[in-house]
Every structure is written in C-alpha cells, then in structure tokens.
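To start, the structure under review is shown below, and the notes come after it.
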Amino acid sequence: MTIMTHLEESNSVLERQESGANFTQASNMADKCGYLLKAYFHHGRTSSRTRFFVLTKSSLDHYRNHQMEKLKGSLPLTAIEAVLELPGDTTSFKVTGGFTYPLILQASSKEKCQEWIKAIENGIQQWRLDSDATHPSPQKKDELDGLQNMPRIKMLYPSLSSPSCDGVLISAANELHHEFHMIKYARGGRSIPHERVFKLDNDNLHIMWKKRGRAFSFNFSNTLCMARVVEVRCGQQTKNFVKFPYTEVESQSFSLIFEKQQGEWGQLCSLDLICDSPKAFEKWSSAMREIIYSEDQRVSRHKFDGVDPVILWLKRHWSVMSSRRSKGISVDQALSFVQLCCNCSKRKQLLRSHIKDVLEAQCGIVQHNENLLWNSFLMLFNSLNEQPKLFEIFCKYAKEHPNLGMTPSEFADFLRREQEESLSLAACARLISIHDKFHKMYKQKCAGHNPESYRLSRSLLSYQGFLSYLRSKNNSAVNPEHNTVYEDMNRPLNEYFINSSHNTYLTGHQLKGRSSLEAYVRALLQGCRCVELDCWDGPDEPVITHGLTLTSKIRFRDVVQVIREYAFEASEFPLILSLENHCNEQQQAIMADIFVTELGEMLASSNLCDELCVNTLPSPNQLKGKILLKGKIKIKKKHKISTGIWPGVNVTPILSTLPQRVRKVSKGRLESSKSEAILSRTGSSSSFSPRVRSLTSATVGSASEEPYSTVLLDDSMGKLIVYCRAVPYKKNDVSDDCCEMYSFNDYAAQDFIAGQPREILSLANKHIVRTYPKGSRVDSSNYNPQTMWNAGIQMVAINFQKPDFGMHLNQGKFRKNGSCGYILKPESLRNREKSQYHPMIKESTKLGKSCYFTIEVLSGQCLHTDEDLHLPIRVDIETVGVPHDCSTLTSEPTMERLRPQFENTKQLFKIIMPELCLVYFKVYLLCRNKTKLLRLLLQEVISLDTLRSGVRYIPLRSLTGVEMPHSGLFVRMKLQDFDPPSRVVKGTSRERLLTF
C-alpha cells in the first residue's frame with residue numbers, strides 16, 4: 001500500500017508540473033512518461049526502486065526523477081521482444097528481450113499498467129514499421145524487389161562542417177582529467193549501448209574507460225590513443241547510431257573516428273559516445289577539437305614530432321596503471337607490464353632484481369611496498385632495453401666524459417660524420433636539453449654520489465637521451481622536405497602518378513562485401529585522388545553498388561555529398577570521380593542534376609585546353625579544389641554506323657529493340673571486372689546519339705569474361721566529362737586528343753607491358769592510363785602496382801580495403817610529396833627521347849640518378865604483438881622497383897622481441913632507378929621450427945629517394961597501415977651515387993662502400 005501511495009503521489013506531482021511551462025523538452029517529445037517501480041536483480045536477490053520513465057519513439061529511458069538532468073539508462077525498442085502482464089498482479093508487467101533479466105515494472109493502478117503496456121507495444125510496432133521501410137527483413141527482400149527496398153543510409157557530415165569552437169582555451173582538456181559518466185556504444189553494434197566511466201589522461205595522450213563501480217579499474221585494452229583519431233564527428237552520424245538511435249540526446253552525442261589497427265580488412269572504426277548533459281558535451285567537444293585539430297582546422301599530426309615515441313607509449317601505459325593509486329605503481333604492476341607488454345624473456349627473479357635497483361636509485365633504500373614513480377618506471381624500461389650496437393656508436397663519440405655523456409661538440413661531430421648533417425653548437429645544446437629532460441634519474445645514477453659530476457652531466461647528452469634522439473622525428477629516416485609538397489605541380493596531369501582506388505565503396509569482399517559511405521571517407525582522408533562510383537538504377541534515384549552481386553547498396557546522392565565534404569581534407573589538388581555507369585537516360589539526368597547542384601563550382605565543367613587553345617592537360621595547380629569526372633560518353637559518328645556483325649544489313653530496327661542497359665553474363669562464373677573499352681571517338685561533335693557495338697578480343701583491356709557492359713553516358717552526363725573521356729585502346733588508332741584516356745585490367749596491362757613496353761610508355765607519355773584489378777580477384781586482393789608504375793601508368797587503382805602487398809606499396813609511395821596524392825614521374829619517364837628508358841631496363845639511363853644503397857640492421861625495438869609471443873620472428877628488407885632493382889635482405893630468426901639484435905645483416909644494393917624504387921621493411925612471425933612463415937606482423941614502405949644516410953630509426957606499421965612508433969628498427973644506411981657501369985671498378989668499389 002505504501003508503494004502504491006508513493007507512485008500515486010509522484011504521478012500527481014508530475015501532472016502538476018506537466019502543466020507548467022518549465023517542464024523539460026524531453027518530456028514534451030515523449031509518447032508517455034511517469035513514475036514506475038523498477039525491480040533489480042543482483043546475485044539472486046531482488047530489490048525495488050522508483051524511477052521516472054520516458055517512452056520515446058526509439059527507446060524506453062529511465063531517470064532518478066522528472067528533472068532528467070542525467071541519462072541513467074536506456075532500453076532501445078529494437079531490443080524489446082515482448083511486453084507481458086504479470087499473472088496474479090494486475091498492476092505489474094515485464095519487458096523481455098535480448099538481455100539477461102526481464103525488466104519488471106509496477107504502475108500505481110491497473111489502468112496505468114494497461115496504458116503503459118499498450119503504449120510500449122504501439123511504440124514497438126511503429127518502430128518495426130519504420131525499420132521495415134528502411135531495413136527490410138530477409139523475407140521482405142524475397143517478396144519485394146531489392147532496389148525498391150534499398151537501405152536509406154543516413155548522410156555523414158564531417159566534424160569540420162559543424163560550428164567551429166573559436167576562442168577555446170588551451171586548458172579545455174584539463175577539465176576532462178576527472179571521471180565522466182557517458183553512454184558508450186559497443187564496437188560493431190554487437191549489443192545495446194551501456195554506461196561507462198570515461199576520463200582523459202593527464203598528458204592528453206588517450207581517452208580511457210571502465211565499468212562503473214569500485215571493483216572495476218581502467219585497463220589498457222579499453223583506451224584509444226588520440227594520435228589515431230582522424231576525425232571528431234558531432235551528432236549521431238555513424239552506423240552504430242543508425243542501428244540504435246537516440247534522437248532525444250543527439251545534440252549531446254559525438255564520435256571519435258579512427259583507423260582499424262588489425263584485421264583482414266582496413267576500414268574506419270568509431271568510438272560512439274553520449275554525454276550525460278549539454279554542459280559535459282560542450283567540454284568534451286571543445287577538448288577533442290583542441291587536442292586533435294590544429295589552427296587551420298586540419299588534423300594535427302606533428303604535435304609530438306620532437307618527442308621520443310617510446311616515451312609517449314610508456315606514458316600511456318603509466319597513466320592507466322597509476323590511475324589505481326594516488327602515487328606511482330606497485331612492483332607487481334611493473335612486473336606484469338614488463339612480462340606482458342615488453343615480452344621480456346628474463347625470469348621473474350632477475351626482473352625483480354632490476355626493479356630493486358631502480359627503487360634504490362629512486363629513494364636510496366628499498367622500502368617495503370614502495371611504489372615506482374614515473375622516472376623510475378622509465379628507467380626500468382630503459383635498463384631492460386639495452387642496445388649494445390648503439391651503445392658502441394655512443395661510446396665512439398663520447399670521449400671526454402664517457403660515463404656521463406656527449407658534449408655538444410661531440411654530438412655535432414656525430415651528426416656530421418654519421419648522419420651527414422651540420423648543426424651549430426647552440427642547436428646541438430637545444431637538442432640535448434629536449435631529449436634528456438626525461439632521463440634525470442639515469443644521469444644521477446651515472447654521476448654516483450658526486451654533485452659536481454651530476455652538475456656537469458646536465459649539459460651533456462646521456463646514452464638514454466641519445467636513444468631518445470635516434471627514435472624521434474628529429475632523426476627521421478625520411479628527409480623532412482618530402483613531408484611537404486615540394487615537387488613542381490605545374491606540369492600536365494598526365495605527368496604525375498595519381499593515388500587511385502578501385503570499387504571505393506566496398507569494405508570487404510567483391511561479391512558479398514558491405515558498401516559504405518565510410519569507405520569513401522577513409523580513402524579521401526588517406527589522400528586518394530581518384531575514387532570509383534558504380535552507378536545503377538534505383539527506385540527513384542541512382543544507387544552505388546557492385547552490380548549483379550550480393551553487396552549492399554548506398555544512395556548516389558549521399559556519396560556525392562560525402563565526397564563534397566571530404567574531397568579536399570587531405571589534399572587541395574584535383575579529385576577524379578571514375579564513373580562506371582549502368583543507369584538509363586532518366587536516371588543519368590538525375591545524376592547530372594545531383595553533380596551540378598551538390599558540387600556547384602567545385603565541378604570542373606569548362607575545358608581549359610579549349611580556352612587556351614592547347615592540346616595539353618592542365619596542371620594540378622590549375623585545377624586546385626576542382627572535381628573531375630571520368631566516364632565513357634556517346635559520340636555521334638559522321639559516317640555510317642556498322643556493327644561488324646551483319647555487313648550490308650540495315651540494323652536500325654534491330655538496335656531500336658535493344659534495351660537501354662545491355663548486360664552480358666559470362667558462362668560458368670560471375671566476375672566483377674569492368675568493361676573499360678566500349679567507345680571510340682572520331683571527331684568533336686556537340687550532339688550525341690546512342691550506339692551499341694560488340695566487344696571483341698581485338699580491343700585490349702575489354703576482356704571476354706566481362707560480366708556486363710557499361711552504359712555510355714548520354715547528353716545530360718556526357719557534357720560533364722571534360723578531361724577524362726574513357727575510350728578503348730586500338731593499336732595504330734590512338735587519338736592525339738589529350739583529354740582521352742585508356743583503361744586496362746591488371747592481366748591485360750601486364751601482357752601489354754611484357755609484349756610492347758615501348759608502346760605502353762609512349763601511350764602513358766601522352767594520355768592518362770588507368771589499371772584496375774581483374775574481376776577474378778573476388779577476395780579484393782591487389783596486384784603488384786610497381787609493375788604499372790615502372791611503365792609510367794598514372795592511375796593504378798587499388799582495393800583500399802585489402803591490407804596486402806599491393807596496398808602497402810601504394811600507401812608507402814604516396815606518403816611522398818606531402819601525401820597530396822600526386823607524384824611527379826621521373827624525368828626518364830617524361831623525356832623518353834633522351835633517356836631511352838623502358839620497364840625492363842638493366843643499366844642506368846642518361847637522365848637517371850643511379851646509386852648504391854647500403855643498409856645494415858642494427859637492432860629492433862618492441863617487435864611484438866599481443867598473441868603468439870613465444871614464436872620466433874624474422875626481419876626482411878626488400879627493394880621493389882624495376883626488375884633489376886628487386887632484391888631482399890633476410891635476417892636470422894630470433895626469439896627476442898623487446899630488443900632483438902641482428903648479426904651479418906648488411907647488404908649492398910645497386911639501384912639503377914632510385915626514383916621508382918621502394919624499400920619494404922617487414923617483420924614476419926615464424927613457426928616453431930623457424931622454417932615456415934606464419935604471417936606478417938609489422939611493415940613499412942618508404943621511397944628510396946626520400947631516405948637519409950646515417951643511423952636511423954624506422955617506425956613500423958600494422959598491416960592496415962596504422963603507425964606503431966614504439967615498434968621499429970634501428971638501421972644504418974648509406975646512399976652514394978655511382979658512375980656509369982663502364983667506369984665502375986668491380987671489387988674495390990664494393991669493399992669501399994660496405995665500409996661505413
């Protein structure tokens with residue numbers, strides 16, 4: 001009776017407040033609200049509490065009271081299976097679904113109980129109707145046409161399009177160093193959202209979360225490094241939010257978008273969060289923008305360039321472990337970290353002795369239950385991470401005070417002789433102060449109990465500071481000039497290699513993968529300058545999908561809007577949209593209207609070649625901020641059309657009966673390669689007419705296994721194709737029009753290069769040429785793009801979602817020239833008359849800059865993953881270029897992961913085309929008997945002509961391309977030009993170059 005009275009009083013108070021004007025906006029949006037008694041189940045025991053419930057169009061939310069200041073819990077209507085009245089209790093009902101315990105609720109009366117049951121059932125029914133309209137069930141898909149029930153994917157807008165937070169204080173992130181309660185979505189939408197406790201570490205390096213309650217503490221696996229975040233997206237604009245939408249708190253929602261670190265497919269992931277109040281959202285959004293974005297509103301990637309990446313990695317671990325204690329970390333925590341994270345092979349007793357030595361250096365005497373402070377934790381790691389070969393190099397130059405460190409003059413001598421760099425003593429002193437500031441305890445230990453020695457060491461570069469310098473971006477293996485746009489961008493487009501993707505919309509398999517707008521976002525943020533759109537007829541507007549396969553569909557308009565928002569985030573140079581058209585004339589008109597209205601002035605619709613009366617393509621600088629369309633258009637012939645099937649027969653009546661979209665399915669299997677050769681251009685006519693012709697084997701690139709033909713773009717779309725008009729290649733029938741381009745699948749291109757290398761070079765010298773994966777690559781595997789680059793082919797389309805050999809080479813090559821997506825072809829390929837270059841060349845050309853490249857692997861750094869820790873590893877270094885330049889250096893297997901040492905790993909490579917050569921660093925996991933490769937663990941690809949001589953550190957990446965700067969290789973490199981082969985004296989030259 002007391003419970004019923006309390007509920008009646010609560011609801012009567014609520015009714016009086018509902019009549020007031022100050023009732024919250026959420027209640028006004030609710031379908032029903034009121035107080036209910038909620039039953040809790042904890043360890044087999046039941047308890048009850050009164051909560052205020054709000055039924056919305058998408059969820060059943062509950063709060064402490066009607067003020068609703070903080071979101072306490074939400075149950076999506078999609079997760080509810082049934083609402084049932086409890087037998088024997090007319091005032092109670094239970095809600096069942098995909099959760100452990102049913103939700104049992106009690107109303108104040110029988111009538112109120114029936115109202116709640118009916119309201120929830122109506123809400124579920126209405127939600128399911130809305131869901132069927134946008135996400136049809138398998139039964140619906142079988143009954144209705146798949147195109148008519150296409151999923152309506154919500155449009156994704158970048159965070160930069162939302163209002164900027166001008167005037168944000170530099171201390172905005174400091175307010176996030178204490179705990180916040182937020183709703184977190186599960187990864188991949190595997191379960192309903194849940195409440196978690198979040199905070200930012202004191203150094204703003206990562207965000208971490210844990211379960212609510214004293215028994216739970218932060219774990220390193222539940223953290224996200226801020227350096228991995230590529231975008232802060234405000235609102236509910238990810239697939240998790242589409243699956244479980246909470247529109248009532250959309251203004252308090254945001255997502256952190258980051259690159260997936262491991263897995264078969266490379267794609268973007270999201271950490272989706274809902275703040276508990278508008279004020280908390282304002283704090284988090286301001287702090288995230290401050291940390292991730294720079295002043296120009298672009299993602300900042302150079303904030304910690306001068307800091308040792310290993311120190312940043314250790315700081316992240318330290319912040320998680322130290323959050324459990326007020327000061328420092330325990331000995332057991334340090335021991336667990338060393339054993340698991342560092343994969344140290346030493347025994348526990350030896351590790352404890354290391355920790356004991358560190359504690360003695362920290363406080364002079366080991367005390368019971370003493371905690372390790374940050375400097376002690378860093379010193380512990382450094383004591384385990386000894387690098388003997390690097391210490392030898394250090395001792396070679398630290399002569400005046402060998403036990404304390406290098407003087408500025410000795411450091412300058414090291415830079416001049418080893419690194420081939422020249423710095424003033426003042427600059428050397430500044431570098432010493434930067435890289436030694438975290439190693440004061442190590443300096444104190446080296447100085448012993450002598451205050452004078454310690455005072456002297458403060459101006460010297462200690463050995464640990466020396467290692468920090470080697471690992472930092474100050475000692476980058478890549479010339480800093482190549483991190484900016486340094487090449488001449490005023491040459492014609494056909495003189496550049498262009499970062500290109502194939503079937504950009506796919507996130508996985510070619511036949512059954514999911515199509516996603518996020519795939520376009522990922523490609524554009526990686527600097528891709530050519531994305532592909534496969535256009536098919538939709539119910540009202542065109543859709544993007546892989547035709548005649550099981551891949552999902554996305555709206556064409558949504559894709560164009562995403563491209564508009566992200567086109568020039570990573571690069572300001574022109575973006576090419578490669579259109580694979582299968583739409584009828586009506587939907588082509590819709591496509592043209594969408595391009596014009598959505599892209600506006602960004603769309604390149606006027607031909608500068610005609611305006612300037614030249615037959616040369618514009619330069620990237622001339623087309624900055626422009627979007628170019630590529631496609632096959634209809635051309636009206638001035639002579640009589642002949643189909644080549646029935647000579648002399650009038651085929652006009654036959655052609656008029658053919659469908660507008662012509663499909664041809666291969667016998668025996670379904671393939672997804674494109675018909676890139678359908679059209680031949682003869683003259684320039686302003687009017688266009690339909691034309692159907694057969695595909696023959698005489699046309700290179702239009703292979704006979706093509707599953708379907710593309711539809712030629714008619715007037716509405718054809719007029720928008722300005723610079724990239726795709727035409728078929730016919731030998732001895734190549735037009736001089738610079739705006740015509742050619743496409744080949746990878747098999748046809750390889751045969752062309754092998755059989756007619758000079759012809760393909762000549763074609764790519766005058767026109768843009770594109771290659772793409774053959775249709776049999778249904779697993780989205782990539783071909784070797786280096787073969788195509790050797791032939792001067794500009795647009796080598798790659799499946800960006802597949803992190804394999806081809807994608808690794810593509811990512812490494814286009815990090816050059818500021819990652820702008822355009823790389824100027826070597827002069828040997830642009831001026832063939834003087835260079836006489838061809839892809840199978842075996843000697844250096846007249847315009848080439850051949851060199852000797854010598855590399856020695858000194859040691860490794862944290863070459864481990866979280867699994868298979870007790871298997872051996874091996875390091876391979878491969879040079880990839882013209883066939884003559886391809887070679888591999890292989891190390892001996894080792895069980896050590898934290899600091900592996902390598903012997904006899906020095907090799908000399910003679911490179912005749914360094915401008916085309918890539919250096920591929922690989923770390924393999926081996927089987928126990930060390931005879932078989934299990935898989936690739938870590939990798940990095942760097943252009944040879946961007947490398948610097950000296951002792952350098954190569955940070956490695958995961959298979960998907962995410963940089964893991966704490967994992968890397970210490971190498972010694974030397975690049976030296978050599979004379980033409982006729983002048984080289986064999987033997988003596990090699991001996992001289994192998995001596996550093």
Side-chain angles (χ1 to χ4, degrees), residues 306-311 378-379 382-383 385-448 450 452-480 854-861 899 901-903 905-906 947-954 968-976 992-996:
V307 182
D308 180 3
V310 170
I311 290 180
L378 177 59
M379 186 174 171
N382 289 334
S383 66
N385 184 32
E386 297 175 351
Q387 301 284 350
K389 290 188 177 181
L390 299 178
F391 187 69
E392 290 178 6
I393 298 174
F394 175 79
C395 294
K396 179 181 176 181
Y397 292 93
K399 297 178 179 179
E400 187 174 347
H401 305 284
N403 296 327
L404 300 179
M406 289 186 190
T407 64
S409 60
E410 291 172 340
F411 184 46
D413 187 40
F414 161 79
L415 294 177
R416 182 176 62 257
R417 294 174 59 184
E418 295 280 351
Q419 313 297 84
E420 298 181 4
E421 300 175 26
S422 178
L423 287 182
S424 64
L425 292 181
C428 292
R430 285 197 296 270
L431 284 177
I432 290 174
S433 63
I434 290 173
H435 295 289
D436 246 348
K437 64 181 179 181
F438 293 108
H439 304 292
K440 293 181 179 179
M441 183 174 289
Y442 177 78
K443 288 191 171 187
Q444 291 175 354
K445 181 180 179 181
C446 293
N450 190 337
E452 292 296 328
S453 297
Y454 176 69
R455 190 178 302 110
L456 176 62
S457 68
R458 295 176 63 178
S459 61
L460 304 178
L461 179 65
S462 68
Y463 171 60
Q464 296 300 337
F466 176 69
L467 289 181
S468 291
Y469 164 76
L470 291 181
R471 290 187 294 239
S472 72
K473 289 292 181 66
N474 291 327
N475 186 51
S476 173
V478 177
N479 193 325
T854 312
I855 187 168
E856 178 187 8
V857 183
L858 299 175
S859 60
Q861 172 79 62
R899 52 176 185 85
Q901 306 297 308
F902 302 99
E903 301 294 338
T905 53
K906 183 189 296 185
L947 288 173
R948 296 196 292 174
S949 297
V951 180
R952 306 292 178 180
Y953 179 71
I954 309 292
L969 297 172
F970 291 100
V971 298
R972 200 177 205 171
M973 299 181 292
K974 190 174 185 65
L975 289 93
Q976 184 173 345
R992 176 173 56 85
L993 289 169
L994 281 173
T995 303
F996 289 98

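Just so it is clear, the model here is predicted, and its values are computed rather than measured.
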Problem - Presence of salt bridge, Glu418 and Arg972, under 4.0 angstrom - result: yes

Say you draw a straight line from [atom1] of [X] to [atom2] of [Y]; how long is it, rounded to the nearest 0.5 Å?
X      : Y      : atom1 : atom2 : value
Phe394 : Phe466 : CZ    : CZ    : 7.5 Å
Asp413 : Lys399 : CG    : NZ    : 7.5 Å
Leu461 : Tyr397 : CG    : OH    : 13.5 Å
Lys443 : Ser453 : NZ    : OG    : 12.5 Å
Glu856 : Thr905 : CD    : OG1   : 5.5 Å
Asn382 : Ser462 : CG    : OG    : 9.0 Å

Please report the shortest heavy-atom distance between [X] and [Y], naming the atom on each side.
X      : Y      : value
Thr854 : Lys906 : CG2-CG, 4.4 Å
Asn474 : Arg948 : O-NH2, 3.8 Å
Glu410 : Ala398 : OE1-CA, 3.6 Å
Ala412 : Leu425 : CB-CD2, 4.2 Å
Thr407 : Glu400 : CG2-OE1, 3.7 Å
Cys428 : Leu415 : SG-CD1, 4.1 Å

Handout entry: Check: Val951 main-chain N/O paired with Gln419 side-chain donor or acceptor under 3.5 Å
Key = yes

Problem - Sequence neighbours excluded, every pair satisfying salt bridge (charged side-chain N to carboxylate O under 4.0 Å, His left out) that has a member inside residues 452-472 - result: Asp308-Arg471, Glu452-Arg455

Handout entry: Phe970 and Tyr953 aromatic ring geometry - parallel, tilted or perpendicular at 30°/60° bounds
Key = tilted

Exercise for the section: Might you work through the side-chain contact (heavy atoms from CB on, under 4.5 Å) test for Leu975 and Ser949, ending with a clear yes or no? Expected result: CA-CA 6 Å; Leu975 289 93; Ser949 297; 4.0 Å; yes

Handout entry: Candidate list Gln387, Lys389, Glu386, Arg899, test side chain to side chain donor-acceptor pair (under 3.5 Å), partner Ser859, passing option
Key = Gln387

Exercise for the section: Tell me, with the steps shown, if Ile311 and His439 meet side-chain contact (heavy atoms from CB on, under 4.5 Å). Expected result: CA-CA 11 Å; Ile311 290 180; His439 304 292; 4.1 Å; yes

Exercise for the section: Please lay out, stage by stage, how Val310 and Leu467 fare under the test side-chain contact (heavy atoms from CB on, under 4.5 Å). Expected result: CA-CA 10 Å; Val310 170; Leu467 289 181; over 6 Å; no

Exercise for the section: Report yes if the side chains of Leu423 and Phe411 come closer than 4.5 Å at any heavy-atom pair, otherwise no. Expected result: no

Handout entry: Side-chain heavy atoms of Ile855 within contact of Leu947, under 4.5 Å
Key = no

Exercise for the section: Show your working on side-chain contact (heavy atoms from CB on, under 4.5 Å) between Leu390 and Tyr463 and close with a plain yes or no. Expected result: CA-CA 9 Å; Leu390 299 178; Tyr463 171 60; 4.2 Å; yes

Problem - side chain to side chain donor-acceptor pair (under 3.5 Å) partners of Lys473, counting only residues at least two apart - result: none

